[in-house]
Amino acid sequence: MYSTPKVVLVTGGSSGIGKAICERLARNGHRVFGTSRQPAEQPSNYSLVALDVTDESSVQQAVGEVLKLAGRIDVLVNNAGVGIQGALEDLGPEQAHAVFDADVVGPHRVCRAVLPGMRAQGSGTIINITSLAANFGLPYRGLYSAAKAALERYTEALSMEVTPFGIQVCSLQPGEYRTNIGSNRIKPSLVGDAYRKGYERAMEILSSSLHYSHDPDEVAVLVEKIMATRRPKSVYRAAHGMQSVAVVMKKLLPGRWFEKLVLREYK
Ligand SMILES: NC(=O)c1ccc[n+]([C@@H]2O[C@H](COP(=O)([O-])OP(=O)(O)OC[C@H]3O[C@@H](n4cnc5c(N)ncnc54)[C@H](OP(=O)(O)O)[C@@H]3O)[C@@H](O)[C@H]2O)c1
């Protein structure tokens, strides 16, 4: 797909969806800066900059480095994030803080670092990678749904605040893609007997290959499409089959009916 070459910062470019985005955009002529908390070796066609979204000085330093090297940032893809699993009663406040720090406050830190430059140039696009899970509270992934729903609302509000400066903001909700998110999820230190059966069943379903069978490059294709669109929509989804149907059902069905349908999936 053709779009004018842009300077793109993709947080979390070392793995999964972020890596697929970096690879596709770099292949198609964009100047791409991915990030990693510990960049190992440099990819051949894009740069990996050190960045931890939970650390304000690291964010400032990384954005400063990109601005120094490229002079501008046209597109920010807030992709870095972590999953979390566990019954809500089994997860402590530290774990809740950790997921909100990485998945909500992290993107906020990066937006704040990038926005002054975008305002000065009078243009920019921010794509926040949320999740289909933002649309509903999923059992044993409640804190993940909550964090991604928070990022959705953040994205909506930011869009209204920065549109007058020529900056476009949207969210992209992936369904389930084949990445390292499962092994990187924050986990409860102890699984209580009360929730063990439901939790183990949910994890069994989650880790089944069926659920992570799609190529993350599909998300990268959508990012490229958003970048080439003059006026992006507020929300994009990259999902298949039942996953996208579930979003429509959530909107149409009474709340308790929807809960019953979700629980039936987990039986
Ligand atoms: N895979 C899916 O099915 C799916 C579905 C919906 C939404 N998502 C979202 O897609 C995004 C990417 O996830 P993924 O599936 O590609 O997972 P992944 O393979 O685990 O990749 C996560 C990326 O985020 C980076 N990262 C993690 N914590 C970070 C931190 N504190 N600071 C900076 N970077 C950090 C990692 O980089 P380093 O470890 O190198 O620092 C890595 O590049 C996440 O926001 C996730 O919630 C994924």
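Keep in mind it's a predicted model, so treat the numbers as computed, not measured. Counting starts at 1 for both ligands and their atoms, in listed order.
Residue L51 is grouped with residue L115 when hydrophobic side chains (ILVMFWY) are merged at heavy-atom distances under 4.5 angstrom, including chains of intermediate members.
Between H214 and H240, the ring planes are parallel. Angles under 30° get that label, and only those over 60° would be called perpendicular.
For D52, heavy-atom contacts with ligand 1 shorter than 4.0 Å involve the backbone as well as the side chain. Contacts between A80 and ligand 1 below 4.0 angstrom, taking non-hydrogen atoms only, involve backbone and side chain alike. Only the side chain of K148 comes within 4.0 Å of ligand 1, counting heavy atoms alone; its backbone N, CA, C and O stay farther away. When heavy-atom distances to ligand 1 are checked against a 4.0 Å cut-off, L51 comes that close only through its backbone atoms N, CA, C and O.
Here the rule is side-chain contact (heavy atoms from CB on, under 4.5 Å) with H30, and of L25, V7, T4, N45 only L25 fits it.
When the heavy-atom distances from atom 14 (P) of ligand 1 to V77, I84, T179 are ranked, the shortest goes to T179. In the candidate list T11, N79, I129, N79 is nearest to atom 45 (O) of ligand 1, counting heavy atoms. Looking at G81, G16, G18, P216, it is G81 that brings a heavy atom closest to atom 22 (C) of ligand 1. Closest to atom 42 (C) of ligand 1 by heavy atom, among S36, G34, S58, S14, is S14.
Within the 4.0 Å heavy-atom cutoff, P39 does not count among the residues contacting ligand 1. Proximity of T130 to ligand 1 is established by a heavy-atom distance of less than 4.0 Å.
Annotation: T54 places no N or O atom under 3.5 Å from an N or O atom of ligand 1; distance criterion only.
Atoms OG and CZ, on S131 and R237 in that order, are 11.0 Å from each other to the nearest 0.5 Å.
One N or O on the side chain of Q121 and one on the backbone of I73 form a donor-acceptor pair closer than 3.5 Å.
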